[in-house]
Amino acid sequence: MKSLDFLLLLALMSLPDSSAVTHTMKYFYTASSGVPNFPEFVSVGMVDDVQMVHYDSNTGRMQPKQEWMKEVTADYPQYLDTQSQNAFGHQQIFKTNIEILKQRFNQTGGVHMLQRMYGCEWDDETGEKNGFDQDGFDGEDFISFKPKEGIFVAAKREAEITKHKWDQDVALIEQQKSYLTQICIQWLQKYVNYGKSSLMRTELPSVSLLQKTPSSPVSCHATGFYPDRATLSWRKGEEELHEDVDHGEMLLNPDGTFQMSVDLNVSSVPPEDWSSYKCLFQLSGGEEITTTLDKNQIRTNWGKPGVRGDGAEDPSNTAVIAAVAVVVLVLVLVAVVGFLLYRKKKGKCTKPEGHSEVKEPLKPNPN
């Protein structure tokens with residue numbers, strides 16, 4: 001799987017609802033080489049896929065990103081100093097490692113990225129817990145760690161050297177296992193408790209019908225909902241439709257809420273049957289929002305901007321389009337920064353309160 005692909009998708013992964021859920025803590029490191037006017041190292045920490053801290057090599061300082069993090073820093077006065085020191089240590093190691101990997105892959109110039117995602121998850125009902133640790137280089141998996149087995153798994157031939165070295169390091173393996181299965185879980189539970197008023201909230205979306213051209217599919221677009229445990233579907237009567245339906249990806253809005261859309265091909269739908277088609281939005285275990293397919297309620301992109309299907313002006317249409325454009329720009333930035341998101345896979349993070357998971361720099365291939 002491509003690292004830059006799962007970077008984007010990391011920002012879009014599931015968040016908790018108000019019932020029993022699996023909570024997650026993840027950290028994402030990205031070291032870059034050959035990218036002008038961009039930090040050579042970025043670290044982002046997330047709880048339930050909400051960004052809580054950020055560090056980059058330009059500022060050299062770990063910065064809190066949520067209001068509830070003020071309580072954390074008040075209870076742990078050395079927290080930001082310790083986190084900043086840890087991030088700086090990883091910055092130095094990643095800077096060395098990216099050069100070593102360039103040599104190992106016989107590369108010199110150009111743009112290169114070394115990325116890591118790691119952390120843990122915990123089910124607040126069953127108590128089940130799991131740790132994960134993943135490295136990628138230049139958009140592809142490189143090596144990962146399995147905490148239960150206590151082994152590293154090489155994804156490429158060039159990673160076999162690293163695997164052999166780290167598999168022989170008993171202290172490193174025990175440090176990894178201890179952090180991913182114990183320390184990480186303890187801090188995840190603390191963070192969830194600090195941020196529960198924000199992390200456990202629910203918000204319903206606004207739902208709109210959109211159409212680019214008279215012959216285009218009608219898109220049912222829901223935006224502003226939280227958490228992302230939600231479904232959006234087209235129905236005819238009580239039957240959910242699968243043919244002539246195209247589901248879009250769930251996207252993260254700049255305010256931390258989510259949006260998604262589902263398209264319906266209406267080319268074969270007789271005008272007299274439109275009212276029997278409905279778009280259904282539902283938060284997991286929560287309230288439903290039903291929107292009937294109605295030409296007079298469709299916002300269009302043809303003719304005068306902000307015009308509905310009935311010809312009346314709809315100023316909110318322009319706002320919706322602008323909001324979508326902002327989201328796209330934000331996601332592009334996220335990908336470049338290295339929000340190395342993984343499609344439900346696991347990865348890496350900075351350790352809270354002085355617990356640092358600093359691996360030794362990779363050694364060049366002597367062969």
Side-chain angles (χ1 to χ4, degrees), residues 1-7 10 26-35 40-44 55 57 86-120 130-181 183-184 338-343 345-351 355-367:
M1 175 175 288
K2 300 296 184 182
S3 295
L4 290 180
D5 290 340
F6 61 67
L7 272 183
L10 182 151
K26 309 183 188 82
Y27 280 80
F28 306 92
Y29 298 161
T30 297
S32 60
S33 173
V35 183
E40 66 178 11
F41 181 78
V42 176
S43 169
V44 174
Y55 170 95
S57 53
N86 287 345
F88 181 76
H90 284 86
Q91 174 184 331
Q92 302 308 307
I93 289 178
F94 270 56
K95 184 176 181 179
T96 299
N97 286 356
I98 199 170
E99 294 302 319
I100 292 173
L101 288 181
K102 285 165 61 178
Q103 296 178 36
R104 189 175 296 180
F105 283 87
N106 295 318
Q107 299 165 339
T108 53
V111 173
H112 299 280
M113 281 192 175
L114 174 60
Q115 301 166 307
R116 172 176 295 171
M117 181 176 75
Y118 70 91
C120 55
N130 186 38
F132 40 86
D133 189 331
Q134 179 83 27
D135 291 81
F137 181 66
D138 281 354
E140 295 185 354
D141 292 345
F142 183 73
I143 194 169
S144 60
F145 179 71
K146 292 186 175 181
K148 292 181 180 179
E149 296 85 351
I151 60 172
F152 291 91
V153 178
K156 304 183 75 67
R157 178 180 58 80
E158 290 83 357
E160 292 291 342
I161 301 171
T162 307
K163 168 182 165 54
H164 178 73
K165 174 188 173 183
W166 289 351
D167 278 345
Q168 305 307 309
D169 192 334
V170 177
L172 172 62
I173 291 174
E174 290 305 312
Q175 178 192 27
Q176 288 281 90
K177 292 173 64 175
S178 175
Y179 176 78
L180 295 175
T181 62
I183 298 169
C184 182
F339 271 25
L340 194 96
L341 304 194
Y342 212 7
R343 188 185 300 268
K345 282 183 126 178
K346 323 303 180 183
K348 294 194 183 241
C349 355
T350 359
K351 309 310 188 275
H355 296 286
S356 165
E357 180 271 323
V358 178
K359 295 178 180 176
E360 295 182 15
L362 303 176
K363 303 304 181 187
N365 187 340
N367 298 324

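In this chain, numbering begins with 1 at the start of the sequence shown.
- When atom types are taken as modelled, the side chain of S178 and the backbone of E174 share no donor-acceptor pair closer than 3.5 angstrom.
- Closest approach of Q134 to S144, counting heavy atoms only: OE1-CB, 3.3 Å.
- Without hydrogens or angle criteria, K163 side chain to F152 main chain gives a donor-acceptor distance under 3.5 Å.
- Side-chain contact between Y55 and Q91 is present, with heavy atoms from C-beta onward closer than 4.5 Å.
- Proximity of a side-chain donor or acceptor of S57 to a complementary backbone N or O of F41 within less than 3.5 Å is detected.
- Of the inter-residue distances, the one linking R116 atom CZ with N97 atom CG reads 7.5 Å to the nearest 0.5 angstrom.
- Between the R104 side chain and the E158 main chain, a donor and an acceptor come within less than 3.5 Å of each other.
- Here E40 contributes atom CD and L114 contributes atom CG; the two are 12.0 Å apart, rounded to the nearest 0.5 Å.
- Within the 3.5 Å criterion, the main-chain N or O of G136 finds no donor-acceptor partner in the side chain of D141.
- Atom CG of residue L180 and atom CD of residue Q175 lie 9.5 Å apart, to the nearest 0.5 angstrom.
- Considering CD of Q176 and CZ of F145, their distance stands at 5.5 Å, rounded to 0.5 Å.
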List the steps and the verdict of salt bridge (Lys or Arg N to Asp or Glu O under 4.0 Å) for K102 and E99.
-> CA-CA 5 Å; K102 285 165 61 178; E99 294 302 319; 3.5 Å; yes

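- No side-chain heavy atom of T96 sits under 4.5 Å from any side-chain heavy atom of Q92.
- Atoms CE and CZ, from M113 and F137 in turn, are 11.0 Å apart once rounded to the nearest 0.5 Å.
- For the pair D167 and I173, the tightest heavy-atom approach, listed with the atom from each and the gap, is O-CD1, 3.5 Å.
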